[in-house]
Each structure stands twice: as structure tokens, then as C-alpha cells.
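Notes follow the structure.
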Amino acid sequence: MWNADEYLKFSSDRARPFADLLAQVSPDPVASIVDLGCGTGHLTRGMAERWPKALVLGVDRSAEMLAKAEPLAIPGRIEFVQEEIAHWTARQPVDLIVSNAALHWIDDHESLLTRLSRMLAPQGTLAVQMPNRFHGPMQAAIDELVADPRWALQLKGVGLHRESVRPILWYVRLLHGLGLAVNAWETTYVHVLTGENPVLEWIKGTGLRPILAALNEATSAQFLAELGQRLKSIYPPMGDVTFFSMPRLFFVARRQ
């Protein structure tokens, strides 16, 4: 389902929230780090450089993404494994669990975060970033097309939706109840993009992947063409650039 080359088109823009997330994580030495949804592994490698004595494990469901990550592996220092985040379990307590733009793909965040919190070592940290665009105009445009009779049967229950990310206060209350000290915030990034329809290209590499996988070549092309027109109207170009606002939700929760 995943296309690593599509995802990497905007790699610098996608990396900035990850850096902002880690900026709120204590630089104290750690022995073990897990990157849930590691993708191509480039950001995983950056954590190994920041914590040079830690064993870093990248977990991802996509074989194509992990094929890009594997050359970055270092035996005994950086390892990668193919597994669903919802099913992955740590073999021993982890000092730092990080997930950048991945947990919104998983339902039942209450059960998921409860499981992950139990895997933390004493004073361990769970650091998470998720896109939070699901109540905005982009998601509305996608939802309208998904509900169109031409595609509704094929796309019923497919892809991300308005409840893929819960309100920030919901996460703070949950994590506090799990005995974690929580630092949570929201940020809207304004990306300055170039190209014929750059917002469509952005979402093709991420949120549209399940939808495109459920359609055949002809119908996916038609879906993309119509969505592209709507996104151009929502995010009109200004000269040679398009300004694209992307809200994101963050939290860093530490076991007390």
C-alpha cells in the first residue's frame, strides 16, 4: 500500500514535527529506544545519533518502507522489524517510545496507549506526534468523494476519518490517569509548496494510500482528478507557490 518515493517527496517538511517533538524529550541518557512507524528509517537514525549509547529499534508494517530503512541498520545499535504497531510488544521495559505520524492509523487509542504505557521503564517516556487535519477542509473534501455513489461501496470503512485523532484534552486525561506526567500541545505548520498540485501530491504519499489501494487504476485516476480540483480550490496557488496549513498534535508523557 505504501509508496516510499511518494512519501519522501516532502521529507524535509515531514521531518520538522519530529524535531519539534524530540526537542521536548529530556536529553538524559537512555539504553533503549523504539520508533513506532519508523518508515524509511532516516529519522530513526537521527535518534541513534542523539543517544549514541542506546539500542534503537524501528517498527513498521510496510515492507517497502523498511527496504529503504535496512541500509541504515547497524547490528547491535539500530535494528528494524516488520510488524503492526497495534500488535508489537516490547520484550523488556523501554526507556523511550517515539511515534511520529503513525498512531492515527490505529483505532482504539485508549487500549493502544494503555499498552504502550505499560511497556515503559521507570521514568520512561512516550513521545507522540500525529497530524490533526481530520476536522478541516481537506478531510471534508475526501469524505465527500468517498461518499459519492461511484465509489461509496468500494470505500466504505476505508482510510482515515474524523475520529482518527481525538481532542488533545482527551489524551492528557487518559495519560494522566495512567500515571504519566504529560506535556501536550498543538501546532499548525504552514508549508510553502511548489508544483502543479502539491497538496494532492502530499496527501497521495500518506492519507490517500488505503483509498487508492482499494480502487482500480481507472477509478483511482478519476478519484484523484476530482480530489485534485477540490484541493486546488481549497489551497489556491499564489504565483509559483501554494500555502498548505497542517495542524498537528503532540504529547510527551513520562512515567513518574
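Here the structure is a predicted model, which is why all the values come from computation and not from measurement.
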Can you tell me how far apart [atom1] ([X]) and [atom2] ([Y]) are? Round to the nearest 0.5 Å.
| X | Y | atom1 | atom2 | answer |
| --- | --- | --- | --- | --- |
| Glu79 | Glu70 | CD | CD | 9.5 Å |
| Phe251 | Leu126 | CZ | CG | 5.0 Å |
| Asn100 | Phe18 | CG | CZ | 6.0 Å |
| Thr242 | Asn197 | OG1 | CG | 7.5 Å |
| Leu160 | Thr206 | CG | OG1 | 8.0 Å |
| Leu180 | Leu175 | CG | CG | 5.5 Å |

So do [Y] and [X] actually touch side chain to side chain, heavy atoms under 4.5 Å?
| X | Y | result |
| --- | --- | --- |
| Val25 | Met47 | no |
| His42 | Arg45 | no |
| Ile234 | Met138 | no |
| Phe80 | Met65 | no |
| Val34 | Met119 | no |
| Thr219 | Arg150 | no |
| Phe223 | Gln154 | no |
| Leu174 | Leu113 | yes |

Output yes when a side-chain donor or acceptor of [X] lies under 3.5 Å from a complementary backbone atom of [Y], and no otherwise.
| X | Y | value |
| --- | --- | --- |
| Trp51 | Asp28 | yes |
| Ser99 | Leu36 | yes |
| Arg77 | Ala48 | yes |
| Arg209 | Lys204 | yes |
| Asn132 | Pro247 | no |
| Asn183 | Val252 | no |
| Gln82 | Arg61 | yes |

Under 30°, 30 to 60°, or over 60°: which ring-plane class applies to [X] and [Y], parallel, tilted or perpendicular?
| X | Y | value |
| --- | --- | --- |
| Phe244 | Tyr235 | perpendicular |
| His109 | Trp170 | tilted |
| Trp185 | Phe250 | parallel |

Closest non-hydrogen atom pair, [X] against [Y]:
| X | Y | answer |
| --- | --- | --- |
| Arg254 | Ser26 | NH1-CB, 3.7 Å |
| Cys38 | Thr44 | CB-OG1, 3.3 Å |
| Lys232 | Pro237 | O-CD, 4.4 Å |
| Pro198 | Leu193 | CB-CB, 3.5 Å |
| Val158 | Ala214 | CG1-CB, 4.4 Å |
| Ser117 | Leu178 | OG-CD1, 3.8 Å |

Could you see if [X] belongs to whatever hydrophobic cluster contains [Y]? Use Ile, Leu, Val, Met, Phe, Trp, Tyr and a side-chain cutoff under 4.5 Å.
| X | Y | value |
| --- | --- | --- |
| Val59 | Ile74 | no |
| Leu72 | Ile33 | no |
| Val56 | Leu21 | yes |
| Leu103 | Val81 | yes |
| Trp88 | Leu55 | no |

Problem - Modelled atom types, side-chain donor and acceptor of Thr89 and Arg115, under 3.5 Å - result: yes
